[in-house]
*Asks:* 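My structure is below; once you've seen it, I'll send some questions.
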Amino acid sequence: MATEQSIESLDTDILVLGAGGAGLCAALHAADRSPRLTITVAVKGLLGRAGCTRMVQGGYNAVLTAPDSLEAHLLDTLQGGAWINDQELVWTLVNEAPGRVLELESRYGCFFDRHPDGRIHQKPFAGQTHDRTIHKGDLTGIEIMNRLTEQVWRRPSIRPLEEHRAVDLLRTDGGQVGGALLLDVRRGSFVLVRSRAILLAMGGGPTMYKVIACSADKSSDGIALGLRVGVRLRDMEMVQFHPTGLIVPNSIMTGALLEEGLRGAGGRLLNGRGERFMQRYDGARLERSTRDLVARACFLEVQEGRGSPNGGVWIDVSHLGAETVERSFRGMVRRCRDFGRDLAREPVEVGPTAHFMMGGIVIDRSCRTDAEGLFAAGEDTGGVHGANRLGGNGVAESTVFGGIAGDVMAEWVAGRPLPQIPDALVEAAVAATTAPLERSEGESIYALQTRLRHVMWEHVGLIRAGEGLRQALGEIEDIGQRLDAVAVRGGGAYNLAWQDWLNLQNQATTAWLITRSALERTESRGSHYRRDFPGPAAEAVAVLAGYTDGTGPKVWTEPVRYTRLKPEAGRAAATVDVGD
């Protein structure tokens, strides 16, 4: 059994958990800042092939030329986020994004689409006042991840550990987060990594929902690890549902994304009656409204009996011309044809799909968390996007804050001793992780998995209410208790049921945080819509979660701090100099 195997040890200066845009940018920045450091990157799957960044179709938001401005990007992001964003993090994002795009091209070899005169092409995306989204057709994520992965393999100071997942973070006697217990998925054995600094860049992923657009290998691992080690989280109730996930009856491909560029280019959403229904919900912006509003509109059309035959709506771009669609959206055209749909020539059936988590670990502008030695970047963190993420801001967030984290960690570890982890903590972590392998009989992991996905979709989805949230909370707590009685057959090596048990533990933890935070937010704001509180509250608050007294996770609210702009500033604020 796995418990009988010895535990390997590995020492490193910096440990990066996750290998998407945030993790790889962090590793590259740290390696280039201090080439003598040893940097270890642990990834649940294969380097450059796992995670969500590779799946990015749309693009990367950055201000490059007038009349766009950093102030306009800031205001668009705050308005899209319904004014609960951490404004210092937003300003860092918009201020650093232009330089990071140029770095991706000039240092790492990415090449984005251009105008005939050589200027980088930027296309329109919903919720933005300027054409700001840089792209490589509709396969932007593949371009970025391929180039970043090539650069990682070229740097001898970076050591990738493929198919290694973090199962616990470990503190020293002095309280520093100085180690992580990794599980080698291939062999079913453990590796104790001691590190001067650790980065959580594992990507959130709302895979606890029934219909998803994110990478299926995600299970909110970083968020659950952060909670267990004692850091605060914020706004966990803010889960983004993208409005246009493919509907493919009886297929796990239901939910796969048709990205926002279709709507930005002039795509039309039609209900089952053929009506262009967005006129009812946002007559000014129509299909270019923010994702939260468009997704909720699609959901309501179905709920009110105006849906398509398979319980969705239609997206139609055929009026743009088949040649234009095939040239501009090659990836999505191919994806639709795989399922017998012709995106270039006819409407395609779509519906809302769980896509992204705006909430996450509390960080400062340097990616520091509450715990000494622990940093975080990307979708594991909260505060940048507020109540709703603008399309194109996600991959920008990952690469911007990943790069910052790498630079900061490279400076932070200088002269610090290697942390020492108590043996008792390691042994306890191994015992907890291998517990289901020791049981001969118990609960079915897959029955619990199906139950969680159903509960989250039905009660903690696009439209919520107190009664349903309380019911969901009770069911999630019951699922968590039943997980302690699950039995997994077989040994540790490539045991997929064991991996699913580990995934479901973290998914259930995160589902509890989402649901409990949704109960705490007694208003409707952005992606969080409560039928029993249909309007926004007078005071904008952040919903915080964490261990405050050692007796279990608590949830509370704190007023949002307006450090740069206030909501009443309105559109006029786009011309205001908000400083550095």
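We count residues from 1, following the sequence as given.
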*Asks:* I'd like to check F356 versus C214 (side-chain heavy atoms, cut-off strictly below 4.5 Å). Are they in contact?
*Replies:* no

*Asks:* Could you check if a side-chain atom of Q499 sits within less than 4.5 angstrom of a side-chain atom of V185, using non-hydrogen atoms only?
*Replies:* yes

*Asks:* Between the side chains of H459 and R470, does any donor sit under 3.5 Å from an acceptor?
*Replies:*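 Looking only at side-chain atoms, R470 and H459 do not form any donor-acceptor pair under 3.5 Å.
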
*Asks:* State whether the side chain of S398 and the backbone N or O of G21 hold a donor-acceptor pair below 3.5 Å, judged by distance alone.
*Replies:* no

*Asks:* So with a 6.0 Å cut-off around CD of E458, is the heavy-atom count from everything else above 12?
*Replies:* yes

*Asks:* Once you round to the nearest 0.5 Å, how far does CD of E443 lie from CG of L483?
*Replies:* 8.5 Å

*Asks:* Taking only Lys NZ, Arg NE, NH1 and NH2, and the carboxylate oxygens of Asp or Glu, determine whether D184 and R187 approach each other closer than 4.0 Å.
*Replies:* yes

*Asks:* State, to 0.1 Å, how close V302 and G311 come at their nearest heavy-atom pair, and which atoms those are.
*Replies:* CG2-O, 3.7 Å

*Asks:* Would you give the length of the straight line joining atom CG of D484 to atom CH2 of W501, rounded to the nearest 0.5 angstrom?
*Replies:* 7.5 Å

*Asks:* Just by modelled atom types, is the P347 backbone N or O under 3.5 Å from a matching donor or acceptor in the R341 side chain?
*Replies:*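 No; zero donor-acceptor contacts below 3.5 Å.
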
*Asks:* Considering residues, nucleotides and ligands other than E558, do more than 12 of their heavy atoms fall under 6.0 Å from its CD?
*Replies:* yes

*Asks:* Ignoring hydrogens and geometry, is there a side-chain-to-backbone donor-acceptor pair from N506 to A224 under 3.5 Å?
*Replies:* no

*Asks:* Among R291, Q240, H528, which one satisfies side chain to side chain donor-acceptor pair (under 3.5 Å) with N388?
*Replies:* Q240

*Asks:* Could you please spell out the steps behind the side-chain hydrogen bond (donor to acceptor under 3.5 Å, both in side chains) verdict for N495 and R489?
*Replies:* CA-CA 8 Å; N495 189 328; R489 296 180 179 178; over 6 Å; no

*Asks:* Before you tell me yes or no, could you show the steps for L17 and I198 under side chain to side chain contact (heavy atoms under 4.5 Å, CB included), namely the whole-Å CA-CA distance, both residues' side-chain angles and the distance that decides it to 0.1 Å?
*Replies:* CA-CA 7 Å; L17 299 176; I198 297 175; 4.0 Å; yes

*Asks:* Determine yes or no for a side-chain-to-main-chain donor-acceptor pair under 3.5 angstrom, with D138 supplying the side chain and G331 the backbone.
*Replies:* yes

*Asks:* With a 4.5 Å heavy-atom cut-off, do T510 and M208 have their side chains touching?
*Replies:* yes

*Asks:* After noting the C-alpha distance and the side-chain angles of R464 and D532, does the key distance pass the salt bridge (Lys or Arg N to Asp or Glu O under 4.0 Å) rule?
*Replies:* CA-CA 8 Å; R464 305 162 175 177; D532 47 350; over 6 Å; no

*Asks:* What is the minimum heavy-atom distance between L269 and E287, and which atoms define it?
*Replies:* N-OE2, 3.0 Å

*Asks:* Keeping S444 on the side-chain end and A447 on the backbone end, is there a donor-acceptor pair under 3.5 Å?
*Replies:*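 Yes; at least one donor-acceptor contact below 3.5 Å.
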
*Asks:* About how many Å separate CG of L148 and SG of C25, when rounded to the nearest 0.5 Å?
*Replies:*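 Separation between the atoms: 5.0 Å.
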
*Asks:* Distance from L257 atom CG to I212 atom CD1, nearest 0.5 Å?
*Replies:* 11.5 Å

*Asks:* Would you call K44 and E163 a salt bridge, taking side-chain N to carboxylate O under 4.0 Å as the test?
*Replies:*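 Answer for the salt bridge query: no.
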
*Asks:* Okay, side chain of S527, backbone of M238: is any donor-acceptor separation there less than 3.5 Å?
*Replies:* no

*Asks:* Backbone N or O of L473 within a donor-acceptor pair of the R516 side chain at under 3.5 Å?
*Replies:*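 No, the answer is negative, given that no donor and acceptor are paired below the 3.5 Å cut-off.
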
*Asks:* Tell me whether E523 is salt-bridged to R530, with the criterion being a basic N under 4.0 Å from an acidic carboxylate O.
*Replies:*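 No.
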
*Asks:* Heavy atoms only: give me the nearest A487-S440 pair and the separation to one decimal.
*Replies:*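 Looking at all heavy atoms of both residues, the closest pair is CB-C, 4.1 Å.
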
*Asks:* Can you check whether E475 reaches R451 side chain to side chain, under 4.5 Å on heavy atoms?
*Replies:*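 Yes; the side chains approach each other to less than 4.5 Å.
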
*Asks:* Kindly indicate whether the side chain of V43, heavy atoms from C-beta on, has any atom under 4.5 Å from the side chain of H164.
*Replies:* no

*Asks:* Strictly distance-based, threshold 3.5 Å: is any side-chain N or O of R54 a donor or acceptor partner for the main-chain N or O of N146?
*Replies:*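 Looks like no, no N/O pair under 3.5 Å.
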
*Asks:* Has T381 got a side-chain atom pairing as donor or acceptor with A377's backbone, closer than 3.5 angstrom?
*Replies:* no

*Asks:* Check whether any side-chain heavy atom of I421 sits under 4.5 Å from a side-chain heavy atom of R194, and report yes or no.
*Replies:*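 Answer yes - side chains close enough.
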
*Asks:* When rounded to the nearest 0.5 angstrom, what distance separates CD1 in I463 from CZ in F299?
*Replies:* 5.0 Å

*Asks:* Side chains of D168 and V229: closer than 4.5 Å at any heavy-atom pair?
*Replies:*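 Side chain of D168 against side chain of V229, heavy atoms only: no contact under 4.5 Å found.
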
*Asks:* Is there a donor-acceptor pair closer than 3.5 Å between any side-chain N or O of E346 and the backbone N or O of D342?
*Replies:*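 Checked: pair present.
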
*Asks:* What do the steps show when you test V384 against F401 for side chain to side chain contact (heavy atoms under 4.5 Å, CB included), and what is the final call?
*Replies:* CA-CA 10 Å; V384 173; F401 287 97; 3.9 Å; yes

*Asks:* Check A295 against F241 and note the closest heavy-atom contact, atom names and distance.
*Replies:* CB-O, 3.1 Å

*Asks:* Heavy atoms only: give me the nearest T515-V460 pair and the separation to one decimal.
*Replies:*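 Result for this residue pair: OG1-CG2, 3.5 Å.
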
*Asks:* For E520 and W556, which I'm curious about, is there any donor-acceptor pair between the side chains at under 3.5 Å?
*Replies:*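 No, no side-chain donor-acceptor contact under 3.5 Å.
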
*Asks:* Would you compute the distance between atom NZ of K554 and atom OG1 of T548 and round it to the nearest 0.5 angstrom?
*Replies:*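 The NZ atom of K554 sits 6.0 Å away from the OG1 atom of T548.
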
*Asks:* For the pair V488 and I445, evaluate side chain to side chain contact (heavy atoms under 4.5 Å, CB included) and give the outcome as yes or no after the intermediate values.
*Replies:* CA-CA 8 Å; V488 174; I445 180 66; 5.8 Å; no

*Asks:* Less than 4.5 Å apart, any side-chain heavy atom of I476 and any of L452?
*Replies:*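 Contact flag for I476/L452 side chains = yes.
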
*Asks:* To check you understand the geometry: which heavy-atom pair defines the closest contact between R525 and A82, and what is its length?
*Replies:* NH1-O, 2.9 Å

*Asks:* Would you mind checking if D478 and R482 are paired as a salt bridge, meaning a charged N to carboxylate O distance below 4.0 Å?
*Replies:*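 Here R482 pairs with D478 in a salt bridge, since their nearest N and O are under 4.0 Å apart.
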
*Asks:* For T207 and Q507, which I'm curious about, is there any donor-acceptor pair between the side chains at under 3.5 Å?
*Replies:*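 Side chains of T207 and Q507: pair found under 3.5 Å.
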
*Asks:* Would M236 and V543 count as a side chain to side chain contact (heavy atoms under 4.5 Å, CB included) if you check the C-alpha gap in whole Å, the side-chain angles of each, and the deciding distance to 0.1 Å?
*Replies:* CA-CA 7 Å; M236 287 299 300; V543 176; over 6 Å; no

